[in-house]
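Proteins get letters first, then strands, A, B, ... in listed order; numbering begins at 1 in each.
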4 protein chains.
Amino acid sequence: MKKELTDRQKEILNATVKLIGEGGIQALTIKNLSHNIGVTESAIYRHFMSRTEILETLLDTIKKNITNSYAKRAQSDKIAFERLKDIVTYQFDSFSSNPSYAIVILSDGLYQNEPVLRERIFSIMEFVKMIFIQIIDDGKQSGEFRDDISSNQLAFVIMGSVRLMINQWSLSGFNFDLRIQGAELLKTITTLINNN
Amino acid sequence: MKKELTDRQKEILNATVKLIGEGGIQALTIKNLSHNIGVTESAIYRHFMSRTEILETLLDTIKKNITNSYAKRAQSDKIAFERLKDIVTYQFDSFSSNPSYAIVILSDGLYQNEPVLRERIFSIMEFVKMIFIQIIDDGKQSGEFRDDISSNQLAFVIMGSVRLMINQWSLSGFNFDLRIQGAELLKTITTLINNN
Amino acid sequence: MKKELTDRQKEILNATVKLIGEGGIQALTIKNLSHNIGVTESAIYRHFMSRTEILETLLDTIKKNITNSYAKRAQSDKIAFERLKDIVTYQFDSFSSNPSYAIVILSDGLYQNEPVLRERIFSIMEFVKMIFIQIIDDGKQSGEFRDDISSNQLAFVIMGSVRLMINQWSLSGFNFDLRIQGAELLKTITTLINNN
Amino acid sequence: MKKELTDRQKEILNATVKLIGEGGIQALTIKNLSHNIGVTESAIYRHFMSRTEILETLLDTIKKNITNSYAKRAQSDKIAFERLKDIVTYQFDSFSSNPSYAIVILSDGLYQNEPVLRERIFSIMEFVKMIFIQIIDDGKQSGEFRDDISSNQLAFVIMGSVRLMINQWSLSGFNFDLRIQGAELLKTITTLINNN
DNA sequence: TATGAATGAGAATTCATTCAT
DNA sequence: CATGAATGAATTCTCATTCAT
């Protein structure tokens, strides 16, 4: 389904990431994109069928990254508590290095008229949720995590607060250290979820 | 500072809310607006100086609503626990009746180029946070809430999960009952924050 | 033909002059005008039939001023040489105190589509030319001025250089002293036109 | 710095000149321009970034023309008197064949809000002045021109009267022969400037 | 006299996209 | 693969003017 990306496609995707990082999704115009790469606008259409397809592919890339990285951390043989910490920490690290990814993921409101994109975002969030639920389930069984709240709900609270943190970081123009604030939030989360 | 709105302005604001509810902020064009009201585009400019001013005024209206409603609930003489419940419940009720408000508030990413609007959103969020912190502080003193996490962090977790709930509801096209899901989330939140 | 102006009309004309002085003829919009006076836009139309009529009336006012002032100075019983000096000096003095008049007079290019205005400007220039010619004729007869160039041509040269001076002053944003530069130009003119 | 113009750009510039010639600068709208060429409005923007850039380029073209033509005539090895005659004659000839150039140059008042354009006009006028001053200086040294008035002032008088002539021609709707009237003015100028 | 509301005609741009070469 | 040219649909906003009250 997901074809291999050509070099040019990767180049376009990189420029996409750069542009979004600098000026939000609104800065992602075919014109900006082509100028950034040094080709004409029509050249872009040799490599992607439409602007939407570019975002689609970008979201697929992000999804693949997330899928791999999260799954790896989720499946390590550390205790659930450590795995949770690893993943949340990774989330902050990862967005910290790729602010554009944060923007793309957070801009869901913008995809209102583009079901293809909305579905992508949705699927990413579903995946992340599933990962969290798994870990939480494990942690409950091992007695690490509290048992009085459904894993689904706990996952929801975690994702919501992580997301808000990233959101505020993005709104602030990325001008605080996401990893530091994120670490603090992580402490809060683990305290909340701990069994006693 | 905030002048009384004329009837026409209210009408425009209503149409704004309607349009955003139907098609997102991107659907809020002067043309759509004027057609919706049944006047010409230029007529709009007799009542608002610019499209941005319309959104600005809408955000001001929302802020006034929120300020009043939240403050009232925060200052009641119920115990902190009840006040927290009241406010969160009110949040879900309120967005449930005004889906557009959710969209407007959640679309912060869209205001990247419009500092006036971003500032509005920011100020609303600051206010809400302050309200939560107050209540949590009270609840800590009365022994209702746990004391091992800073009020700031707790407020953050609450806001994050509430926000995510609203976000998902919006993304779903408003096709689940926000009040029901919200009530469940509220239960989770209170369980998490309870002392013991 | 020229009716007496009402107080309101004078007020509008004053605002017109002010606006043009500040931002050129393009700043003369009915909106600016009405805001400046403190009435609504439609109120303007109680006093003038159209924007063009305002400019028309302004030009008439200017013309009346010029007619009176120049005629008075032209008909004094000083020698031609002195009368010429008086008038040119008066021109610079007068525009110096009313920069807007300079703008209105110099903006002839803008009236391309408004014959009524063009005609006004034309008639003012004709009048001024006539005055100059008269004085020059007198000066020739009295032997003050050179006789080898037609009065018409001399008038033309004088008017052209005076006009260019005013033009440069206007373009500079009125930031040099028109009277000083004008005095110097006047010296040049009199030297050129003198007999011997 | 000045790039070569493409054919389309030249075509647009020609249409610009034509439109201005017919209806003044106000007739220069993107719509008129595109209709005149037979393309859509947006097509214009592939060749020029903005309406201002079109005028800017036109002024640059005019400047280049003037620079070359005047410089060539100024540097010939004729006597100063002849060179002066050549240049003034050329001015009238040149505007006579390109009435729009006259309009563009004379419309300085219109560029109040566009510093880029004003600067262009200014620089052209400075150049012309410099040329005149050089010739006049030469003519003074050779004893051809009068020595009792500064070259700067003489240049000013010449430019002012030439400019007024062109202005009146433009205002008249180009309905007299600029070359004939210009020739007469030139005679006046030379008589005025001659040594004795 | 004045207001408030509205109009209609434009104006300059922007953007994703198409197509012949 | 890439370019250059063009399109058409939008978009925000401006301006002089009209008209009922």
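When distances run from any side-chain atom of A:A43 to the nucleotides E:dT3, F:dA2, F:dC13, the shortest one goes to F:dA2. Nearest nucleotide to the side chain of C:H47, out of F:dC15, E:dT1, F:dT11: E:dT1. Side-chain proximity of B:T40 to the nucleotides E:dT13, E:dA2, E:dA6 is greatest for E:dA6. Nearest to the side-chain atoms of D:Y45 among the listed nucleotides E:dA6, E:dT13, F:dA5 stands E:dT13.
F:dC1 atom P lies 17 Å from atom CE of A:M49, rounded to whole Å. Rounded to whole Å, the distance from CD on B:Q9 to C1' on E:dA5 is 13 Å. For the pair D:F48 CZ and F:dA5 C1', the interatomic distance rounds to 15 Å; values are reported in whole Å. For the pair D:E11 CD and F:dG4 C1', the interatomic distance rounds to 15 Å; values are reported in whole Å. Whole-Å rounding puts the C:N113 CG to E:dG10 P distance at 14 Å. Protein atom CD of A:Q26 is 15 Å distant from nucleotide atom C1' of F:dT12, rounded to whole Å. Between A:E114 atom CD and E:dA16 atom C1' there is a gap of 11 Å when expressed in whole angstrom units. At whole-Å resolution of the value, CG in D:L33 and P in E:dG10 are 17 Å apart.
In this structure, a donor-acceptor pair under 3.5 Å is absent between the side chains of C:S100 and C:K18.
Using a 4.0 Å heavy-atom cutoff across all strands shown, D:T6 reaches no nucleic acid atom at all. Among the heavy atoms of the strands, none lies under 4.0 Å from C:I37. In this structure, A:I44 reaches neither bases nor backbone, as no heavy-atom distance under 4.0 Å exists between it and the strands shown. At a threshold of 4.0 angstrom between heavy atoms, the contacts of A:L28 are confined to the sugar-phosphate backbone, with no base atom among them.
Taking both residues in full, the closest heavy atoms of C:E53 and C:M49 are given as OE1-N, 2.8 Å, listed atom of the first, atom of the second, then distance.
F:dT21 and E:dT1 have their P atoms separated by 22 Å, with the value rounded to a whole Å.
A sub-4.0 Å separation between OP1 or OP2 of E:dA16 and a side-chain N or O of A:R51 is present. A sub-4.0 Å separation between OP1 or OP2 of E:dT7 and a side-chain N or O of B:R46 is absent. Applying the 4.0 Å criterion to OP1 and OP2 of F:dA2, one finds that A:R8 has a side-chain N or O inside that range.
Residue side chain C:S42 reaches the base of E:dG4 through a donor-acceptor N/O pair under 3.5 Å, judged by distance alone.
Base pairing annotation: E:dA11 forms a Watson-Crick or G-U wobble pair with F:dT12, both donor-acceptor distances under 3.5 Å. E:dA20 is paired with F:dT3 under the Watson-Crick or G-U wobble criterion, all donor-acceptor distances under 3.5 Å.
By the 6.0 Å contact criterion, CZ on B:F122 is open, its count of non-hydrogen atoms from other residues, nucleotides or ligands being 12 or less.
Nearest-nucleotide positions on DNA chain E place D:K31 closer to the 5' end than the other of D:K31 and A:T29. Mapping C:I30 and D:V39 onto DNA chain F by nearest heavy atom places D:V39 at the nucleotide closer to the 5' end.
Between C:D60 and C:R120, at least one side-chain nitrogen of the basic residue sits less than 4.0 Å from a carboxylate oxygen of the acidic one, meeting the salt-bridge criterion. A salt bridge links C:E41 with B:R46; the closest basic N to acidic carboxylate O contact falls under 4.0 Å.
One finds the CG atom of A:L59 at 5.0 Å from the CD1 atom of A:I121 (value rounded to the nearest 0.5 Å).
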